[in-house]
Every structure is written in C-alpha cells, then in structure tokens.
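Read the structure below first, then the notes.
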Amino acid sequence: MPVPVANVETVPAASSGPPLVHARRLTKRFGDFTAVDGIDVDVARGEAFGFLGPNGAGKSSTMRMIGCVSPPTEGTLRILGLDPRTDGPAIRARLGVVPQQDTLDTELSVRENLLIYGRYFGMSRAAVRAKAEELLDFVQLSDRAKDKVEPLSGGMKRRLTIARSLVNDPEMLLLDEPTTGLDPQARHSLWDRLFRLKQRGVTLVLTTHYMDEAEQLCDRLVVMDKGRFAAEGSPRELIATYSTREVLELRFGPDADNNVYADKVHGLVNRVEVLPDRLLLYTDDGDGTAAAVYDRGLRPASTLVRRSTLEDVFLRLTGRTLVD
Amino acid sequence: MTQTIGSATPSSGRNSGTLLARIVPLPGTSARRAGLMVERNVLVYRRAWVLIVSGFFEPLFYLLSIGIGIGALVGTVTVDGMVLDYTVFVAPGLLASSAMNGAVYDSTFNIFFKLKYAKTYDAILSTPMSPGDVAAGEICWALIRGLIYSTTFLGVMLALGLVASPWAILVLPAAVLIGFAFGAVGMAATTYMRGWQDFEFVQLIVLPMFLFATTFFPLSTYPSALQAVVVCTPLYHGVELIRALTTGLVDGSLVVHIGYLVVMGLIGLRIAAGRLEKLLLT
Ligand SMILES: Nc1ncnc2c1ncn2[C@@H]1O[C@H](COP(=O)(O)OP(=O)(O)OP(=O)(O)O)[C@@H](O)[C@H]1O
Ligand SMILES: [Mg+2]
C-alpha cells in the first residue's frame, strides 16, 4: 500500500485541540434580509483572526453570534467546542467581548464598572478588586478610577471597555472594531497590548475597517462583503494573490476626468483602478511605471509609489474602497 | 447557594420551586446571578440614597393631609359592619398604593432608561447572566426598595396608633407581594414601549386605580355594576389585603387577593424575561 505522504496535513503551531470557533454554513437573517450568508470558518487556539469588510458586510452580526448573544438562523456553530444554543452561559463565561458600541454602565464609576462586571462572571469580591486595579493600570485609567464614565473621552471609554472585557481572564477575546475612535497613539498602544495578550495565548477574533490594523494584528483574515467571504488567508498571502507588489497612485487635480486618463495609461499595466480622486496602477515596478507615464507625455499633479496593502486586495475583490 | 428556578430538567424535586418553575418557566435563571443585579443597583444607589429617602415622603404626606386632615371631617367609615376611624381605614390603602407606585416607577422609567438608552443590559448579557436573571434581579431590587418604604410607613402607622391587629405582622410580606405583582407587569409593559410618550399610558392606568380602587372609600360606595369593575383591578386586591391585615378584618377573601397578585406577578415576570431575550438577543 502506498503511503499517502502528500495527504499529511501540516498542523499550524497555534492549533492544539479543537478550534475555538467552528462554523459551517452559518447564516443570520433579519426578516427577509440575509446579513450573514452561510459562512464557514475555523479559528484555532492562540490565533489572531480578523474579519475585514465595509459597512454592512455582516461583521458585527457574525461577532454577536460568536459571542452567544445572537442565535444563528441556520448552520452549525461551536464555540470552545460547545453549542451556543444550549451552553450560552458556559461559553460566555470564558469569552471577553468588546462590542462595536461601548456599553459601559453610565450609572457607575470607572472602577465600579470593572468590579460589577467581574461579579457577573461569578468572581469573588476580593479577586475582582485586585483584578480591577491591575486592569486599570493596564489601560492607564488608574487616575480616573473614581470618575463617572460619562465625562471620559471616547478613547478612554474604549480603553475601559477593553479592560472590562479582560476581567474574567478570557480564553478568547472578541473585538468589534476595537480601535475605531482612538487617536493614532492610543491605537498603537492598544495594538501593543493585544499583541501581549496574544503572546500569553489568548485567542483574538477582531473586526476592522483598517488595513494597517489587520496587517499588524492578524495571522489570518477573511475579507467579508455582503454576508460572504470574498477571500481568506494571511495578509501577505492575500496581497500576493490579489494584488501586485507595488501601486502607483496618480492624481490629476480636482477637476480632471479620471476615466480619460485611464485610457491614456492603457497598456502600461495589467490593472488600473479609477477612483474619484485618483488612478491606481498595479505594477511590480512603481518607479518604472511612473517613468513610462511621463514618457507618454502625461503630467499628473502628484505621483506616489507605495507597497500594496489589503486595501488594494479589498478593492480588487469588491470593486469598492473600505473606508468611504 | 445556587437555586435554579426552572432549570431545563424539570425533575429537580417536588418543592415549591419546581411548582413555580412549572407555572413560570424561566430558563437558566439562578437566584445567585439575579442577586448580582441587585448588587449592581446597590452600587448605584449608594451614592444616590437621597432618591431613596425622598420616595418615602409622598405616602407620608398623603397620610397627614388626607388621613388626618380629611379624616377630621369624615370621622368614621363602616366596613363589613365594623366602624373604623377614617385614618385607620385610609392608612393601609395608602401603604398599598405606595407599594404599587414605587414598583411601577422602578420597573417602568428606570428599566426603560437602562434598556433603551444606557444599554446596561446589552453588556450584562454578554456575561453568563441570562435575561431571566436580569428580570428577576431588577424586580427583586424594586421589592427591596419597596420594603424600605413599607417598613417606615408601617412604623409611622404604629406610632400613630393606626394598627389594630397582630395580623399587621404580615403587612410587610404583603407589601412585597404587591410590589412583585406591579413590578413584574410594569417591567413587561416597559419592554413594549417605543418612547417616553408611552409612559402616559402608565399614568392613565395607575392614577385612576390609586383614586378609585378603594384606597379612599369602601367598595360599598359604588353601585354594584361599578363594584364589579373595581374588584377586577389589581390595586383593589392589594388595598384589601393590607387593610385586612392592619384592621384584623381577616377572612377567606385573603386567599383570593394573594392568589390574584401572585399569578399577576408570575405572568409579568415570564413575559418580561421573554421580551428581554427577544429585544436584546437578536
Ligand atoms: N438587529 C438587526 N435587525 C435588522 N437588521 C440588522 C440587525 N443587525 C444588523 N442588521 C443588518 O445586517 C447587515 C449587517 O450588519 P452588521 O452590523 O453585521 O454589519 P458590519 O459589517 O458590522 O458593519 P459596520 O462596519 O458598519 O459595523 C446590515 O445591513 C444591518 O442593517
Ligand atoms: Mg459592525
């Protein structure tokens, strides 16, 4: 008998045991409207997995099903190996959730928000008190501990929501647009913290509009559009498959008709995208292509050569930009 | 201790808990977790205790103005052939009404705010807490507040010599029962409200009951057709229950009053938990 060497699966280092998220033909309908349309997804323990997609793609609907606060309409869903329909509370006990909109308890102080949240998980008062101090320190809100939640800035509220999601030492963290509304500095420090959690073995599942966030944080991601997955892979794989090494951006000024210019650069590269304010030329040699554009007598107001990003992948897959 | 009301397995023993579970199945509800909802409210009101104290004065002012002021003009009322001082007659009515008002206020305005604006429950339901825990916990909290008011009011009644019977010892649990019935139904109604304007309907129901459900004058005042209507209202049963206990005019009708309020509360609680689930776990 031949030994099926080719069929030996390579198990990623991260995976040990059953996947923490296992979905088959997972569907969510609201009335006649299908928000999530039969997706298949597995997230292994220790992995950082991202859902990338435009408004209304179905990211939050998926996250809420994974968080066991929204029953699937159809399909199979197993979280931590358990069935949300019957084991919701047991699953939720082991998850940390950062919802898209902050749902902090506005009638309580910053510290009390953490204290009572830990109590909801059945933690003892002593344990939760120690944990609250640690987390306040982690998100740098110790000096606001006694303040009410309402006067905090948007970014501070977001940080408190993230601290709250960690109170029960979750095995898996669900982050729905964790850094929306944060300034660049706060975003980077949050990425840093999420990275540290990941190193401690916490599984991360997140959604985002931001390419850089997905590239920074995710081992693997799916591009989601209209309730379906348009592509799946690591950021690097996706770029290699769906884009070129570099992109040349040409701007011809505010009143230029970009479609006319698209015709004029025709044949220089295999793919040109026409956006309202600029042309994108997909090429493996940006500088060479820019020179060729000049050789044709074109004089764009500005040219920019940059590396391909997930944004380009997304444009390719859906014909739309991610952030409008 | 974790006491599970209405667990998925109905074979958990032949105690009253199981009976309760059969009438009102509240899946996945535990007394311990419902208690955490109370703990949350204690945290909130630790700072806002003035709000709690203020709730006590309203029934007291009524007792002073109507009981003592109007009582001086009216003199006495005759109930079941027994002549009562008007103050003795009206005080239990006010106690029952204030138990109703407190519970309704707590379970409508406060719950609506948390449900629609503060999104308090959305966050809580991503923990192991269930909609049943939230509903039961919130109503429990309303009962605890109500109990504080009833206790003080009963104390005033005792001090003014308005308690005529040792049955009065049962006034506090009876007031809690009234709070439960109205709190649960109030919370159920709140889950159907679309905006603040819908609260006008609450006033439209609560105020006439307060005025006409034998709080201020006995049932015999009404023509018999109207009596039948009054007897159907929940506050009537609450007022008569408390009045029987403070005056000592206790008879078999007590069972009817208690039964009415228990069933009303259980139905309300069931609807409230189901609706929370439907609204929040979509
Ligand atoms: N409770 C609901 N009832 C009806 N429709 C809903 C509900 N929740 C979501 N939808 C619809 O489902 C679709 C997907 O919504 P979802 O919130 O999952 O998108 P999203 O990818 O998270 O978008 P965004 O980036 O804007 O957060 C949208 O068209 C939305 O209107
Ligand atoms: Mg969303």
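The structure displayed is predicted, hence computed values, not measured ones.
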Check: A/Met65 and A/Ile39 side chains under 4.5 Å, non-hydrogen atoms: no

query: Cut-off 3.5 Å, side chains only: do B/Ser98 and B/Asn101 have a donor facing an acceptor?
result: no

field: Interface moiety of B/Thr282 toward chain A, non-hydrogen atoms closer than 4.5 Å
entry: both

message: Using 30° and 60° as the class boundaries, would you call the ring planes of B/Phe109 and B/Phe199 parallel, tilted or perpendicular?
response: parallel

query: Of the backbone (N, CA, C, O) and the side chain (C-beta and beyond), which part of A/Arg64 lies under 4.5 Å from a heavy atom of chain B, both, or neither?
result: side chain

- prompt: Do you know which of B/Met129, B/Lys119, B/Met37, B/Lys114 has the most heavy-atom pairs with chain A at a distance under 4.5 angstrom?
  reply: B/Met129

message: Is A/Val69 close to chain B through its backbone or its side chain, or both, or neither, when contacts mean heavy atoms under 4.5 Å?
response: both

- prompt: Are B/Arg33 and B/Glu39 within salt-bridge range, i.e. N to O under 4.0 Å?
  reply: no

message: Is it the case that over 12 heavy atoms from other parts of the model lie below 6.0 angstrom from the CZ atom of A/Arg25?
response: no

- request: Could you tell me which portion of A/Leu95 (side chain, backbone, both or neither) has an atom closer than 4.5 angstrom to a non-hydrogen atom of chain B?
  value: neither

